[in-house]
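Note that the structure is a prediction, hence the values are computed from the model and not measured. We name chains A, B, ... by the order of the sequence lines, and we start the count at 1 in each one.
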Amino acid sequence: MKNKIVADILYQIADLLDVKGDIFFKTRAYRMAAQSIETLDEDIEIVSKENRLRLIPGVGEALSKKIKEIVETDRLEYFEKLKKEIPRGVIDLLDIPGLGPKKISLLYRHLSITNISDLKKACDGGKLRDLEGFGEISEKNILRGIALREKTSGRVLLNVAYENGNNYIKYLKQCKKIEKISIAGSLRRMKETIGDLDILTSSDTPDEVIEYFVRYPNVNNVLLKGNTKTSVSLNNDIQVDLRVVEKKSFGAALQYFTGSKEHNVKMRSMASKKGLKLNEYGLFDKKTDKYLVGRTEKEVYNKLDLTYIEPELRENRGEIETAIKGELPNIVKHGDIKGDLHVHSRWSDGTDTLENIVNYAKKLGYEYVGIADHSQSLKIAHGLTEKRIDDKIKEIDDLNKKLEGVKVFCSTECDIKPDGALDYNNRVLKKLDFVCIGIHSSFKMNKNEATKRIVKGMENEHVDFLAHPTCRIIGRREPLQLDMEKIFDTAIETDTYLEINSFPDRLDLNDTNSKFAKERGVKFVIGTDSHNISHLPYMHFGIANARRGWLEKDDILNTISLKNLEKKFGCDL
DNA sequence: GCCGTTTTCGGCCCGACTGTTTTCAGTCG
């Protein structure tokens with residue numbers, strides 16, 4: 001599957017052409033095609049072989065030839081030529097806030113700046129101010145942008161953004177001048193990492209709201225301040241943008257500021273084709289400029305002949321086309337989850353007793369909780385020997401006799417060894433209510449070996465689900481090289497559920513993998529991988545991730561009742 | 001570079017804010 005390789009090259013070409021100063025619409029065409037291919041539900045090699053490339057939205061005559069060349073030769077002459085014209089480091093400058101292609105091109109052509117370190121030196125030396133369009137303030141802003149990038153790498157994990165956003169909202173709700181308020185942006189779409197926080201409010205007195213907003217105690221710096229919008233950075237370097245609109249524009253503004261950008265571009269161009277104009281103030285008649293709707297998002301979508309689209313779906317991955325047909329899935333809701341089947345206790349490397357876990361699970365309204373501790377070879381995590389498994393089974397049996405309203409299942413997160421063998425033999429696995437398996441070492445295998453390893457694990461008759469299938473850790477460990485189609489097909493053949501791990505730095509499977517897997521017929525389980533009861537609420541992020549993958553309630557094992565789950569696991573009733 | 005029940009050529013989403021400018025280009029979302 002070369003979809004990602006092709007998309008990456010097209011994205012890089014777009015950046016290079018931007019810096020070269022090519023027309024905006026051309027570079028946008030490259031990006032649109034790249035996005036189509038990135039989210040394509042088919043293997044680009046097959047599409048290319050069957051001469052169907054031009055059926056991909058945004059791919060025309062020129063791009064189809066280039067894509068074919070990449071698929072067949074793993075390289076593209078045109079791209080190689082471009083790379084020779086513009087040094088790699090120049091493109092990296094695009095990551096610095098405040099610098100776009102035009103300015104970077106000036107820096108490159110006039111000051112021969114080809115990387116961030118050169119740029120820093122030039123700013124320190126006051127070299128930029130003589131350049132047209134730059135001044136002393138630009139130098140300071142660029143230096144601040146570079147420092148910020150070095151400190152934060154630009155994005156934070158979903159849980160960090162979620163907590164910061166909710167705290168800010170709590171503060172803002174005390175402001176009497178604010179009528180309506182909502183999180184917007186990528187946090188509302190629950191993307192796995194967040195660049196900055198967007199908050200939308202409605203009010204008749206925007207200036208007073210903005211004054212209140214910038215007085216938030218955690219604000220470190222006010223980055224910009226206008227009549228309707230302002231941006232601040234917090235003490236932890238997270239940037240927060242506020243926008244204030246009138247009540248009658250709140251829905252249109254929320255739709256607009258929730259994004260994604262690609263989703264919005266398509267929405268606006270759809271509106272335009274219908275003789276309408278969509279902006280953050282509402283949906284208008286293009287000719288008369290008459291306001292039509294804008295109070296709620298639903299009004300806006302419906303007026304454009306679409307059913308309402310949930311924020312998590314708004315990535316231009318086919319949701320608009322599906323909404324036109326009225327065929328959007330009824331995606332899983334946060335209240336649909338009946339229990340957590342991936343929790344570690346003090347029996348291995350968790351920090352809480354079974355009682356603590358059960359009490360917290362009850363508080364969350366769960367009907368069941370599965371204690372999946374590490375297996376014997378994971379000594380560092382205090383993995384259980386067979387003898388200790390027997391002791392744990394006994395403790396759980398005794399506990400279940402006392403419990404009302406919630407049941408504890410005894411399980412394991414059994415290690416899959418490098419050769420694909422499981423860390424317990426079948427005699428041990430058989431004793432457990434269900435079996436979860438996962439990889440915890442030797443991450444650097446080649447694609448073929450790693451795929452074989454997981455497939456062999458799933459083929460064991462006692463295995464129920466595969467934990468964190470790709471083993472990625474966001475920002476720290478790349479996903480395993482895997483033949484995902486083979487993994488998905490094996491999951492279906494062996495009736496193995498694939499986990500959507502809710503831990504904020506895992507979120508594994510991710511949204512695009514889940515969507516692809518669902519289309520093939522895979523079933524899922526959402527687990528938290530909790531090692532402390534404070535991790536149990538991470539379920540929220542796993543569900544959000546499943547929603548982003550278009551999953552419905554029926555796709556997910558732990559939405560079923562305790563009774564049905566016991567039947568499924570073949571437990572004594 | 002793509003695309004077409006307004007068009008095979010001339011469009012391509014739209015607005016706020018900043019910094020450097022004398023009326024606006026660049027960036028951002």
Side-chain angles (χ1 to χ4, degrees), chain A residues 10 13-14 17-19 21-36 53-67 78 93-107 128-142 145 184-189 194-200 206 210 222-231 239-245 249 252-284 286-287 304 314 316:
Chain A
L10 297 184
I13 291 175
L17 291 178
D18 259 344
V19 174
D22 221 319
I23 59 163
F24 166 74
F25 296 108
K26 184 164 158 186
T27 60
R28 199 181 68 175
Y30 271 90
R31 291 200 173 90
M32 300 231 290
Q35 209 219 354
S36 285
L53 286 172
R54 291 195 62 178
L55 297 179
I56 299 172
V59 176
E61 194 185 341
L63 279 177
S64 66
K65 278 189 194 146
K66 291 191 167 81
I67 294 166
Y78 175 65
L93 302 179
L94 285 168
D95 283 342
I96 298 167
L99 279 187
K102 297 279 188 323
K103 289 191 168 174
I104 289 172
S105 174
L106 279 174
L107 293 170
L128 266 57
R129 62 191 66 172
D130 301 330
L131 221 53
E132 200 189 325
F134 290 85
E136 285 184 49
I137 299 173
S138 336
E139 287 174 353
K140 269 188 212 145
N141 283 343
I142 288 170
S186 52
L187 177 56
R188 183 156 179 256
R189 303 199 313 278
I194 309 292
D196 50 33
L197 301 180
D198 295 295
I199 296 176
L200 178 71
I210 286 174
V222 179
L223 303 171
L224 64 87
K225 208 166 145 192
N227 295 325
T228 64
K229 69 186 270 194
T230 177
S231 288
Q239 185 180 322
V240 190
D241 300 338
L242 172 79
R243 186 71 187 259
V244 193
V245 296
S249 299
L254 187 56
Q255 194 283 321
Y256 174 55
F257 289 108
T258 297
S260 64
K261 193 173 156 191
E262 293 77 12
H263 178 89
N264 284 351
V265 168
K266 188 161 271 182
M267 288 282 289
R268 288 183 176 200
S269 107
M270 261 187 67
S272 185
K273 277 179 199 147
K274 288 178 191 284
L276 308 171
K277 184 180 71 173
L278 178 63
N279 60 26
E280 57 261 57
Y281 302 110
L283 191 59
F284 300 85
K286 216 197 254 178
K287 278 197 196 118
L304 289 170
R314 302 180 196 170
N316 193 25

Quiz prompt | Separation of atom CG in A:D196 from atom C1' in B:dC28, rounded to whole Å | solution = 9 Å

Exercise. Look at all strands and tell whether A:I23 reaches a base, only sugar-phosphate, or nothing, counting heavy atoms closer than 4.0 Å.
Key: base

Quiz item: What is the distance, rounded to the nearest whole Å, between atom CD of A:Q255 and atom C1' of B:dC14?
Solution: 12 Å

Self-check item: B:dC3 and B:dT8, which share atom name C1', separated by this distance in whole Å
Solution: 9 Å

Quiz item: Do the non-hydrogen side-chain atoms of A:R188 and A:L254 ever get within less than 4.5 Å of each other?
Solution: yes

Quiz item: Does A:K103 place a side-chain N or O at less than 4.0 Å from the phosphate oxygens OP1/OP2 of B:dG19?
Solution: no

Practice problem: Could you tell me whether A:F24 contacts a base, only the sugar-phosphate backbone, or nothing, with contacts defined as non-hydrogen atoms closer than 4.0 Å? | Solution: nothing

Quiz item: What is the distance, rounded to the nearest whole Å, between atom CZ of A:F134 and atom P of B:dT21?
Solution: 11 Å

Practice problem: Using the C1' atoms only, state how far B:dT20 lies from B:dA25, rounded to an integer number of Å. | Solution: 9 Å

Quiz item: So what does A:K66 touch, heavy atoms closer than 4.0 Å: a base, only the sugar-phosphate, or nothing?
Solution: sugar-phosphate

Practice problem: Please determine, by modelled atom types, if A:K286 and A:S272 share a side-chain donor-acceptor pair under 3.5 angstrom. | Solution: yes

Quiz prompt | Nearest-Å distance once atom C1' is located in both B:dT23 and B:dT18 | solution = 15 Å

Quiz item: In Watson-Crick or G-U wobble terms, both distances under 3.5 Å, what is the partner of B:dT8?
Solution: none

Self-check item: Whole-Å distance separating the CG atom of A:L106 from the P atom of B:dT21
Solution: 12 Å

Quiz item: Between B:dC2, B:dC13, B:dT20, which one does the side chain of A:A62 approach most closely?
Solution: B:dC2

Quiz prompt | Atom pair distance, as rounded to whole Å: CZ in A:F284 and P in B:dC14 | solution = 12 Å

Exercise. Figure out the NZ/C1' separation between A:K26 and B:dC3, and round it to whole Å.
Key: 17 Å

Quiz item: Base, sugar-phosphate, or nothing: which does A:E136 touch, judged by heavy atoms less than 4.0 Å apart?
Solution: sugar-phosphate

Quiz item: Under 3.5 Å, is there a donor-acceptor pair between the side chain of A:S260 and the main chain of A:R314?
Solution: yes

Quiz item: Using a cut-off of less than 4.0 Å, is there contact between a side-chain N or O of A:T228 and OP1 or OP2 of B:dC17?
Solution: yes

Practice problem: Indicate, with a heavy-atom threshold strictly under 4.0 Å, whether A:E132 touches base, sugar-phosphate, or nothing. | Solution: nothing

Quiz item: Of all the choices, B:dT20, B:dG1, B:dC17, which nucleotide is nearest to the side chain of A:L63 once you look at every atom?
Solution: B:dG1

Quiz item: Using the C1' atom in both, what is the distance from B:dG15 to B:dG10, to the nearest Å?
Solution: 24 Å

Quiz item: Minimum heavy-atom separation for A:G60 to A:R54, with atom names?
Solution: C-NE, 3.6 Å

Quiz prompt | Sugar-phosphate only, base, or nothing, as touched by A:F257 at under 4.0 Å among non-hydrogen atoms | solution = nothing

Quiz prompt | Contact under 4.0 Å: A:T27 side-chain N or O vs B:dG1 OP1/OP2 | solution = no

Practice problem: Take the protein atom CG of A:N279 and the nucleotide atom P of B:dC28, then report the distance between them rounded to whole Å. | Solution: 22 Å

Quiz prompt | Short side-chain to backbone donor-acceptor contact, A:R189 and A:T258, under 3.5 Å | solution = yes

Quiz item: What are the two closest heavy atoms between A:L10 and A:L63, and how far apart are they?
Solution: CD2-CD2, 4.1 Å

Exercise. Could you work out the separation of B:dT27 and B:dC13 based on their C1' atoms and round it to a whole Å?
Key: 16 Å

Quiz item: With respect to the side chain of A:L224, which nucleotide from B:dC2, B:dT18, B:dG15 is positioned closest?
Solution: B:dT18

Quiz item: Of the nucleotides B:dT27, B:dG1, B:dC13, which has the atom closest to the A:K261 side chain?
Solution: B:dC13

Quiz item: Start at the 5' end of DNA chain B and walk down; is the nucleotide closest to A:V265 or to A:L131 reached first?
Solution: A:V265

Self-check item: Any A:K277 side-chain nitrogen or oxygen under 4.0 Å from OP1 or OP2 of B:dG15
Solution: yes

Quiz item: Among the nucleotides B:dG19, B:dC2, B:dC14, which one has an atom lying closest to any side-chain atom of A:N141?
Solution: B:dG19

Quiz prompt | A:K229 vs A:D198, salt bridge (Lys or Arg N to Asp or Glu O under 4.0 Å): CA-CA, chis, key distance, verdict | solution = CA-CA 11 Å; A:K229 69 186 270 194; A:D198 295 295; over 6 Å; no

Exercise. Would you please confirm or rule out a distance under 4.0 Å between OP1 or OP2 of B:dC13 and any side-chain N or O of A:R28?
Key: yes

Quiz prompt | Spacing of A:I13 atom CD1 relative to B:dG1 atom P, expressed in whole Å | solution = 9 Å

Quiz item: If you check every side-chain atom of A:K102, which of B:dT20, B:dT27, B:dC14 has the closest atom?
Solution: B:dT27

Self-check item: Nearest-nucleotide pick for A:F25, side chain only, options being B:dC2, B:dC12, B:dA16
Solution: B:dC12

Exercise. Return the nearest nucleotide to the side chain of A:Y281; candidates are B:dC2, B:dA16, B:dT27.
Key: B:dA16

Practice problem: Quick one: label A:N264 by what it contacts on the DNA or RNA (base, sugar-phosphate, nothing), any heavy atom closer than 4.0 Å. | Solution: nothing

Quiz item: Should the pair A:E280-A:R268 be classified as a salt bridge under the 4.0 Å nitrogen-to-oxygen rule?
Solution: yes

Quiz item: Between B:dC12 and B:dT6, how far is it from one P atom to the other, in whole Å?
Solution: 16 Å

Quiz item: More 5' along DNA chain B: A:D241 or A:G60, using each one's nearest nucleotide?
Solution: A:G60

Quiz item: Between B:dG26 and B:dT21, how far is it from one C1' atom to the other, in whole Å?
Solution: 12 Å

